[in-house]
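Letters A, B, ... mirror the listed sequences (proteins, then strands); counts begin at 1. All values below come from the heavy atoms of this structure, side chains included, with hydrogens, waters and symmetry mates left out.
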Amino acid sequence: MRPNLLIALRFLGARKRAMLMSLTGIVFGVAFFVITQAQTAGFESYFIKTILGVNGMVRIEDRIQSTRTLEAGAGSGFAIAVEGSVKYIPGVQFPNKIVDALKAFPEVTAASPVIRGNATLIANFREYDTKPYGIDLATFVAVSDLETQIIDGSLKTFGENPYGLIVGVRIARRMNLQVGDSVLLDSVGEPQRFRVAALFETGIDQVDRERVYLHLPAIRTLLNKPAGASFIQLNLQDQNAAPAMAARIEQTIAHSTMPWQEREKTWLQVFSVLRISSALTISTIIFISGLGMFNTLVMIVVDKTREIAILRSMGYTREDISRIFMLQGGIVVAVGVVLGCGAAALGTYALSHIPIRIRGIFASDHFVVLWDPWHYVAAAVIATMVVLVASYFPARRAARLEPGSIIRGSSS
Amino acid sequence: MSLLRVENLHRHLGEGDTRVHALRGVSFTIEPGRTYAIAGHSGSGKSTLLYLLGLLDIPDEGRIWVGDRETSRLTDDERTATRNAHMGFVFQFHFLLKEFTALENVMLPMRKLGRLSEDAMRAKAADLLTAVGLADKTRRLGTQLSGGEQQRVAIARALANDPSLILADEPTGNLDHANADRVFALLSDIAHQRGQALLMVSHNPELAARCDQVFRMQDGVILA
Ligand SMILES: Nc1ncnc2c1ncn2[C@@H]1O[C@H](COP(=O)(O)OP(=O)(O)O)[C@@H](O)[C@H]1O
Ligand SMILES: [Mg+2]
């Protein structure tokens, strides 16, 4: 074994108890850091999965009309929109044309036109305000997780009945609706009869409380809207490419196109603030361990002053002495990170099996965790930096000791 | 060529009012294989001189040659390497590292020098401990040895890298008469046997007289 490492190990042994305290702190700090990150990131990614399953990755909404254009050379066919002179016309006028145009984008895996409106649901002598969504079932299941959101009844029954209805679970509860029940929807003063084919639950309160799905032709008559669509919902190969794709699509088809990252900005910010603040809070455990470690190392330097002098006299350089103390920190942090990561993995596993009922922004019956190696790397980097700084100053102090004056001080 | 030569060494110690001119122009030469004593009253500058010779301290004036190498321009690392390869120290207090066994203490300078394999270091350390009469106590920690035994371990440690010069500052100062005699005999016998020079500070005139040459110090100078 390298002599410096050997000496470092033995010096550590001289302050076993204090070092075990610092070690424990690092183990807990690293473990808690990873566990809280796994959990907050877990909830975040589960939220994203939920929201994508409900509202899709990209939505093409309002048509953009430039009120003034510059002809870029006569007859060239190119027109440049002048800034500040853009008008948004709500809705998509020719959804089929746009769906066709999207075929030029291989990254777009599915596109489904949707009509959205307002209607009163009437059943059991009660009324309830809903937001009906008219969908094309075949394509809509490709741009959402509707299939897995069904908790009662079936999409098949819905598909077979032109006046089938899929009702949000909270509406069903409030209105005491069962699959098979007959209900009325009224939007323009001409109530129409529908049959509840299925109930869905997304976990997102607002959606489960106000949304009902029906077929596109049915909503056209319900809302008296013979053509067009409110928006087109898209699915992409890569959810992270949504902003770039949305920008490209917007340019090509002249409709305002919004990626999910922009649509859900508020919640995404809440999650990222939560993640950062928990990282900072937990890091204080590591900082405090580093402080304890600094103290212990200073004590060892004081304790071992004579030994340092004798090591210097027998040929150990200042750098050797400095390394001996840096190594002590290094050994503790290495062991701490390994044990901490092990504890973190166990803790994360255990946490993911703790039952907890969550509804509101998503639906889960246990803690959601995300296994991400970067959480472990981040914890290891933080612990290593803290301990390196904590070891640096005692090490420098030890290296600066003058062997001559120490030996002189201890002899007569 | 002489082993060590010093010329006109001056050293001041302390600051302000307590500043002392501890060495006032010391010159002498040490030849290989001979034993030297530095004798003198307490406070005459013996230790100060020894630390300068051992390159643990730097003179305010004057020069020190180790072999043919003048040391005033050496870096701290070069001085340290010179100590490691050519010098062995024994102090009044043994300074054993108490987390290490006797054998491991003796191996520390060898580990730093790094010329021998682990097994060879172990064998050599055991030989040295045998030479100082501690063959059966190689596995003891410093705390499990008597004062005289600890000082003998320190001697074995000083000999670890076959230094050409052993520097000892009152190595027997802390020992009773019998042990003092034994430690001194050991040091001077080993030095003679191995052709190593020994420079020993002692205010015990009887022991000093048993060296090949005695330097008498008074108020920072060597008396003729
Ligand atoms: N750190 C110091 N500060 C001031 N004076 C010192 C210091 N160390 C030693 N001295 C003085 O230097 C002189 C020489 O000391 P030293 O070499 O230790 O003497 P010796 O070893 O012969 O007893 C003494 O007068 C002592 O008081
Ligand atoms: Mg002295």
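- Heavy-atom proximity under 4.5 angstrom to chain B picks out A:I310, A:L311, A:R312, A:S313, A:M314, A:G315, A:Y316, A:T317, A:R318, A:D320 from residues 309-328 of chain A.
- Annotation: residues 78-89 of chain B contacts chain A through B:T80, B:R83, B:N84, B:F89 [non-hydrogen atoms, separation under 4.5 Å].
- In this structure, A:Y392 places its OH atom where only 12 or fewer heavy-atom neighbours from other residues, nucleotides or ligands lie under 6.0 Å away.
- Counting heavy atoms of neighbouring residues, nucleotides and ligands inside a 6.0 Å radius, atom CZ of B:R182 does not exceed 12 of them.
- For residues 283-303 of chain A, the pairs satisfying side-chain hydrogen bond (donor to acceptor under 3.5 Å, both in side chains) are A:R15-A:D303, with sequence neighbours left out.
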Legend entry - Test log, rule side chain to side chain contact (heavy atoms under 4.5 Å, CB included), inputs B:E104 and A:L6: CA-CA 10 Å; B:E104 290 170 331; A:L6 180 72; 5.6 Å; no

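- No more than 12 heavy atoms of other residues, nucleotides or ligands sit less than 6.0 Å from atom CZ of B:R216.
- Under a cut-off of 6.0 angstrom, the local environment of CE in A:M385 is sparse, with at most 12 non-hydrogen atoms contributed by other residues, nucleotides or ligands.
- The distance from atom CG of B:L96 to atom CZ of A:R306, rounded to the nearest 0.5 Å, is 11.0 Å.
- A donor-acceptor contact shorter than 3.5 Å is absent between the side chain of B:R111 and the backbone of A:P3.
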Legend entry - Steps toward side chain to side chain contact (heavy atoms under 4.5 Å, CB included) verdict (A:R408, B:T48): CA-CA 8 Å; A:R408 179 195 300 283; B:T48 307; 3.1 Å; yes

Legend entry - Working for side chain to side chain contact (heavy atoms under 4.5 Å, CB included), residues B:F100 and A:I7: CA-CA 9 Å; B:F100 291 78; A:I7 297 167; 3.9 Å; yes

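- Taking the side chain as every heavy atom from C-beta outward, A:F11 and B:L97 approach each other to under 4.5 Å.
- Shown here is B:F28, whose CZ atom has more than 12 heavy atoms of other residues, nucleotides or ligands within 6.0 Å.
- Every pair passing ring pair (Phe, Tyr, Trp, His ring centres under 6.0 Å) that includes a residue from residues 330-351 of chain A is listed here, sequence neighbours excluded: A:Y349-A:H353.
- Within 6.0 Å of CH2 on A:W371 lie more than 12 heavy atoms contributed by other residues, nucleotides or ligands.
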